[in-house]
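To start, the structure itself, in structure tokens.
Values below: all heavy atoms of this structure, side chains included; hydrogens, waters and symmetry mates excluded. Numbering starts at 1 and runs along the sequence shown.
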Amino acid sequence: MSQVQTLEDTQVLVKNRVAEAERNGYKIENIVQNWLKNANEIVAEAKKVIDVEGATWCLGRYCPSRWIRCQLSKRLEETTKKITDHIEKGKIDTISYRDAPDVTTTPFSRGYEALESRTSMLNEIKEILKDPKMYMIGVHGMGGVGKTTLVNELAWQVKKDGLFVAVAIANITNSPNVKKIQGQIADALWDRKLKKETESGRAIELRERIKKQEKVLIILDDIWSELDLTEVGIPFGDEHNGCKLVITSREREVLIKMDTQKDFNLTALLEEDSWNLFQKIAGNVNEVSIKPIAEEVAKCCAGLPLLITALGKGLRKKEVHAWRVALKQLKEFKHKELENNVYPALKLSYDFLDTEELKSLFLFIGSFGLNEMLTEDLFICCWGLGFYGGVDKLMEARDTHYTLINELRASSLLLEGKLDWVGMHDVVRDVAKSIASKSPPTDPTYPTYADQFGKCHYIRFQSSLTEVQADKSFSGMMKEVMTLILHKMSFTPFLPPSLNLLINLRSLNLRRCKLGDIRIVAELSNLEILSLAESSFADLPVEIKHLTRLRLLNLTDCYDLRVIPTNIISSLMCLEELYMGGCNNIEWEVEGSKSESNNANVRELQDLHNLTTLEISFIDTSVLPMDFQFPANLERYHILISDLGEWELSSIWYGRALGRTLKLKDYWRTSRSLFTTVEDLRFAKLKGIKDLLYNLDVGGFSQLKHLYIQDNDELLYLINTRRLMNHHSAFLNLETLVLKLLYKMEEICHGPMQTQSLAKLKVIKVTYCNGLKNLFLYSLTGNLSQLHDMEISHCRGMTEIIAMEKQEDWKELQQIVLPELHSVTLEGLPELQSFYCSVTVDQGNPSGQSNTLALFNQQVQFPNSETVKISIMNDWESIWPNQEPPNSFHHNLDIDIYDCKSMDFVIPTSAAKEFHQQHQFLEIRSCGIKNIVEKSDIICDMTHVYLEKITVAECPGMKTIIPSFVLFQCLDELIVSSCHGLVNIIRPSTTTSLPNLRILRISECDELEEIYGSNNESDDTPLGEIAFRKLEELTLEYLPRLTSFCQGSYGFRFPSLQKVHLKDCPMMETFCQGNLTTPSLTKVEYEGIQYVWHSSKLSEDHWYGDLNTTVRTVFTKKDQYNPDLEKLDIRNNKNLKSIWPNQVTPNSFPNLTQIVIYSCKSQYVFPNHVAKVLRQLQVLNISWSTIENIVEESDSTCDMTVVYLQVQYCFGMMTIVPSSVLFHSLDELHVFCGDGLKNIIMPSTIANLPNLRILSIKYCYWLEEIYGSDNESDAPLGEIAFMKLEELTLEYLPRLTSFCQGSYNFKFPSLQKVHLKDCPVMETFCHGNLTTTNHIEVRCLHGWRYEESEDQWDGDLNTTIRTIFTKKKSEQD
């Protein structure tokens, strides 16, 4: 079926878009994830139909009966329609969104204490950042006063509040590294590396990326001297008014040189704040004997949070004598300057460290002069220096290493943060250096501190060192050097010869280096650790086998490594740890192969009797002999046997707390020896397995904590106790169970289970297991006392979650108690009748009970859960039965209901009164619901519902949200979007139905005319003034029919209202018709294209005395436009062509140079009459939009002045440059992920891109050619010349066959570079005559890091492309 291939191709396209969005830090929409899930299921179903049809042929003839043929034909027809429908659904406009930051943590847990002095400054900075004229703010104060903590909290808060779309923090230090600063900003904003190598090139790339962001905050922390922002690549001020900076420094003079507009002096804490903070950290200090001493100690900290934290933790839970000693030592220091208090306080924390080993490690870390370094790099240094000399094994040393690191973190001498990084505050680092120079520890293994290389025991080079300098440095080193770390350096064709002089070297770390011949390493006979992680080299030389003392070999992510000669691995008899994860191109020897091989055989691993840790991956299972077993004595391992598409190595855990992980696809026999110790086990497409425990013949997976099984057509049970010989308990330590795409699975547990089986299960997720009728039997529920999360989705046969095994159980039925269950997700379960039914496994429903979902009735209880989250995606009529027992809802609820088309209401009247907790959240999406609460039959009966937050989206049947008969006493936040049947939001009531509402946000409701209803003013008309006493924020967006908050003549009072945000409400002429009181409101924030013509900014604050006057004034000015407008940013508009003024003149928009289109829908961007007058337009950026054409189609030719054009994630466009539009000034054209594009440029009788210099086309799945040739009758006369084109990039274009499929002649007199990546069917460049320069640099890009190949030029461009195509094809064959 060709439709199956089309659906699979569409899957690939969607997955690529998802991957790109995730790399850019976006979250994926649920609809996309569901589409991909359903696509997998449909493809699998279709292939089964195809297989069945194929099986009906026998002896060369078609055998089945007419009835069978009819059924097959019907199934084929149904499947084909299902595929076609799903392909159509795959044309999704927006697949991702920027996720809001995690707002569940408390400030104190983030390292920030909300003290009054800090909070007031933080709020003032946030207010200034809202000022469009302010773009650079400074914070100065002494070291340790809390500048970094303050700006970290600022970053968290502005992201949470939505003040900025993206926030980046770069740590500058007293020796700024421009490349590192650029990388920190790029990583934070896009989670994507900069491609350029030079500082200037990276600055240009970074500047362009930042300018494409609407609202960006960049925090430059700890600046010591003036920093050139242009050199870094940070646009600010007039260059990009959406980019704002906050800069911290110890010295105000530095901020003055940086030309900050507003500076804040962060001083030491006041005595009261100091004491409050000290108490929180030190714990209970109110004992009579300790409190007066503690107060004195807190005063000695001089109000510096860094010292308060360090001393508080050091003295926590200490006896009174320790407090006295601490106070005495602090008072002995008599420094005049406040900052001098730093040394005695931190010295005291240092003295409190329990062991000399801890003290030595602390001073050693401080000696590096770095803010942070990899924990594993630190370990390599420590081992090489003999720091853990008393420990014989690497694993024991690493355990000690991590224990010491955690103890230093607990003492606040190291920063809390990522586990694989060690960070130290700059003040602490300075103190460490000072202590080391005055009183080094007595530990004899501690390294000396001298500047000369010759006396140094550890060396750490950065990428700035040249090869010649490195060679000279090695020559100048003494033989005593024991550790050497080199990062991001190039050593080709070989390593420096002088390296062999370092005869005492024990640790060599060459991370992310470009390497050639590395044989000289084998001469370092004392080497015990060799790390080549992420480095580029092809062969591991045979001489490496002479490193007989080698204990650790790290080849992680050495993608280019192909050859490991035979017997190298087995010769390294002392090897304890081997890391080869991501080395997927190694050419292992295949036993039984006819071709001779001198490559390593995996059996060599069995000769490593000291090996305790192994990370390795195999893509080709043919290299694993049938009788091969991994060494059973492995204590830690991460083994992947699969292609990367199934189980990716989720993270490189080298250097972290290692576990025991197996990820297996198809092939599992070689790993059986590890089944008794494995902790994390992942199976995919296992063959011959029906009963997991029985077939694998293991003792119940006693150590297993996480089990993932997917894509299996044979598995029936995980546990079948009726076939097990020994009735031992199974899965005693299992915490996570994930089952996916197990179509024939009948039961998780078949037969009676031992009491301890699954007793530690916390998370269970089951999806696409259509054979499952229930999740667990009632008899097993007693084992699930720790179950925390339950997610069941797309299991078509599931009728209940918990079922009884026998009819007799009904008579003995006890309550089902799941004491720790917090989250329940039920989605896509069409046969589900109830969470628990009184129906046996083998019989029907004799009790005749209702099939209503009884999730919270007396039979199922969650007694100790504070919060229960319910996510429902099923077309049920009701969630709860009509009669609920008292106190059914004693826990907090978070209810998410999706796609319930038959449901009229969510909460029955009888259940509403049980919502008595303070934290109840309700989200309703894509449902047929008409009311949230069932309307009571009793006249004048007011229903009280205690919901804290309500979110309603895409519910067309709702006419109002808050009816007059419901009182939402605790409602704090109400969010409504895309409910196109709504006439109003709140119905009038004789009582205040929303007394505590604080946030009200309404958007995209096409029929909404007012917020507060007034259709029947005689009914339930409120007496006197209507007060929203707690309302602080009101947001109204994309409401095309909204005329006012209320059309009636009611009076309104908003005593707390501080923020009003209006966006694209074109009919809103006034706020309300009656009296209006808003004492706290001083501005209205307008955003939207209809306001842009009279403003210089898309978003701007307005205020004309009061709210009504402000709305009326802006309404009257909305059709005017500002001739000084320079940049136009249009977002989330459904009809672009309607925004442009009907009348324009040649002098309209005289200064408009840049237009950004984001998330819009329209037939075209510019009407023809508007495009012709945009004479100053230079930059046009269109993204995430559904648009057919840039300019309205016309018989006349239109010439646009655009210099830079970027089109990305756009849908509906067949071409970018039609024949009717000329881009005479266009210099750069970038197209990314253009779904539907057939070509980029349509033929024209004149040159429509005469000045194009750079052309970049990426991720256009359907693109077949760049220059269109569909209508060869429209062919241009003579040669088609791209006179200025210098650079052409073509990436991931799976259907591109050539630059042009027609027989046109092309001329590229300036072309210098061609970059190609993943264009598998591009067989030639063009079919006509081709004229280019004598030499073009043609490079293919490889891998996720986009590494360039050597120049592929082969005489002419057509020949070069053919050679590349032929070579690729031969490699695949």
Side-chain angles (χ1 to χ4, degrees), residues 123 126-127 130 161-162 947-951 960-964 966-977 982-1003 1005 1008-1014 1017 1020-1037 1039 1042-1063 1065 1067-1088 1099-1115:
N123 291 335
K126 283 162 52 177
E127 283 303 311
K130 295 177 184 178
D161 297 340
L947 285 169
E948 186 174 320
K949 180 178 179 180
I950 298 176
T951 301
T960 191
I961 303 295
I962 310 296
S964 56
V966 179
L967 175 61
F968 289 93
Q969 185 74 37
C970 295
L971 190 63
D972 174 76
E973 190 171 347
L974 175 60
I975 300 173
V976 182
S977 65
L982 282 174
V983 177
N984 54 57
I985 302 297
I986 307 162
R987 291 291 300 141
S989 172
T990 53
T991 62
T992 304
S993 56
L994 298 167
N996 287 293
L997 185 66
R998 187 175 56 87
I999 295 173
L1000 177 60
R1001 295 175 184 158
I1002 315 296
S1003 64
C1005 299
L1008 188 70
E1009 297 178 359
E1010 57 184 346
I1011 307 301
Y1012 196 92
S1014 62
E1017 290 197 41
D1020 298 322
T1021 303
L1023 300 174
E1025 203 173 40
I1026 303 167
F1028 288 82
R1029 297 181 182 278
K1030 300 290 184 68
L1031 190 67
E1032 297 176 5
E1033 177 189 331
L1034 173 64
T1035 297
L1036 306 173
E1037 296 182 346
L1039 305 172
L1042 184 72
T1043 60
S1044 60
F1045 186 84
C1046 178
Q1047 296 175 356
S1049 56
Y1050 308 146
F1052 287 91
R1053 185 155 61 94
F1054 300 90
S1056 304
L1057 189 61
Q1058 300 175 30
K1059 178 181 178 180
V1060 175
H1061 180 90
L1062 303 178
K1063 182 175 182 179
C1065 301
M1067 303 298 292
M1068 191 169 182
E1069 192 170 351
T1070 188
F1071 189 81
C1072 70
Q1073 310 296 330
N1075 295 327
L1076 177 62
T1077 305
T1078 59
S1080 302
L1081 189 67
T1082 59
K1083 63 183 179 182
V1084 178
E1085 182 180 320
Y1086 274 91
E1087 183 179 0
S1099 177
E1100 191 169 46
D1101 295 340
H1102 292 266
W1103 189 248
Y1104 298 98
D1106 62 74
L1107 182 54
N1108 265 333
T1109 304
T1110 300
V1111 174
R1112 290 174 192 145
T1113 303
V1114 175
F1115 179 80

Seminar exercise, completed: Residues Val966 and Ile962: closest non-hydrogen pair is O-CG2, 4.5 Å
For this session: Determine which pairs satisfy salt bridge (Lys or Arg N to Asp or Glu O under 4.0 Å) with at least one residue from residues 1047-1056, sequence neighbours left out, and list them in order.
Result: Glu1025-Arg1053
Problem set entry | Glu1010 CD to Leu1042 CG distance, which is reported to the nearest 0.5 Å | 8.5 Å
For this session: Could you grab the distance from atom OG1 of Thr1113 to atom OH of Tyr1104, nearest 0.5 Å is fine?
Result: 6.0 Å
Exercise. Can the ring centroids of Tyr1012 and Phe1052 be said to lie less than 6.0 angstrom from one another?
Worked result: yes
For this session: Assess whether atom CG of Asn1075 is packed by more than 12 heavy atoms of other residues, nucleotides or ligands within 6.0 Å.
Result: no
Problem set entry | side chain to side chain donor-acceptor pair (under 3.5 Å) involving Thr1110 - partner list, sequence neighbours excluded | none
Under 3.5 Å, which donor-acceptor pairs link side chains of residues 1027-1035 to any protein atom two or more places apart or in another chain?
| unit_1 | atom_1 | unit_2 | atom_2 | d |
| --- | --- | --- | --- | --- |
| Lys1030 | NZ | Asn996 | OD1 | 3.0 |
| Glu1033 | OE1 | Arg1001 | NH2 | 3.4 |
| Glu1033 | OE2 | Arg1001 | NE | 2.8 |
| Glu1033 | OE2 | Arg1001 | NH2 | 3.2 |
| Glu1033 | OE2 | Thr1035 | OG1 | 3.2 |

Exercise. At what distance, to the nearest 0.5 angstrom, does CD1 of Ile961 lie from CG of Leu994?
Worked result: 11.5 Å
Exercise. So do Ile1011 and Ile1002 actually touch side chain to side chain, heavy atoms under 4.5 Å?
Worked result: yes
Problem set entry | Check against side chain to side chain contact (heavy atoms under 4.5 Å, CB included), Leu974 and Ile985 | CA-CA 10 Å; Leu974 175 60; Ile985 302 297; 3.9 Å; yes
Seminar exercise, completed: Smallest heavy-atom separation, Glu973 atom then Leu971 atom, equals O-CD1, 3.6 Å
Exercise. Considering residues, nucleotides and ligands other than Glu1069, do more than 12 of their heavy atoms fall under 6.0 Å from its CD?
Worked result: no
For this session: Check whether any side-chain heavy atom of Pro995 lies under 4.5 Å from a side-chain heavy atom of Leu967, and answer yes or no.
Result: yes
For this session: Using only heavy-atom distances, determine whether the side chains of Arg987 and Thr960 contain a donor-acceptor pair under 3.5 Å.
Result: no
Exercise. Heavy-atom distance under 4.5 Å between the side chains of Lys949 and Ile975, does that happen here?
Worked result: yes
Exercise. Hey, what do you get for CG (Leu1036) to SG (Cys1005), rounding to the nearest 0.5 Å?
Worked result: 10.0 Å
Exercise. Are Tyr1086 and Phe1115 an aromatic pair by the rule of ring centers under 6.0 Å?
Worked result: no
Seminar exercise, completed: Correct closest heavy-atom pair for His1061 and Glu1085 would be ND1-OE2, 2.9 Å
Exercise. In Å, rounded to the nearest 0.5 Å, how long is the span from CZ of Phe1045 to CE of Met1068?
Worked result: 8.5 Å
Exercise. Tell me, do Phe968 and Ile950 make a side-chain contact under 4.5 Å, heavy atoms counted?
Worked result: yes
Exercise. Residues two or more places apart in sequence or in another chain: which of them pass salt bridge (Lys or Arg N to Asp or Glu O under 4.0 Å) with Lys1083?
Worked result: Asp1101
Problem set entry | Side-chain touch Cys970/Leu947, heavy atoms, less than 4.5 angstrom | no
For this session: State, to 0.1 Å, how close Trp1103 and Leu1081 come at their nearest heavy-atom pair, and which atoms those are.
Result: CZ2-O, 3.3 Å
For this session: State which residues pass side chain to side chain donor-acceptor pair (under 3.5 Å) with Thr951; sequence neighbours excluded, sorted by chain then number.
Result: none
Problem set entry | Leu1062 vs Val1114 side-chain heavy atoms within contact, under 4.5 Å | no
Problem set entry | Backbone of Pro1055 reached by a side-chain donor or acceptor of Ser1080 within 3.5 Å | yes
Problem set entry | Within-4.5 Å side-chain heavy-atom neighbours: Pro988 and Tyr1050 | yes
Seminar exercise, completed: Rounded to the nearest 0.5 angstrom, the CE-SG distance for Met1067 and Cys1065 is 11.5 Å
Problem set entry | Non-neighbouring partners of Asp1106 that pass side chain to side chain contact (heavy atoms under 4.5 Å, CB included), sequence neighbours left out | Asn1108, Thr1109
For this session: Please confirm whether the backbone N or O of Ser977 pairs with a side-chain atom of Ser1003, one donor and one acceptor, at under 3.5 Å?
Result: no
Exercise. Do Phe1054 and Thr1077 have side-chain heavy atoms sitting under 4.5 Å apart?
Worked result: no
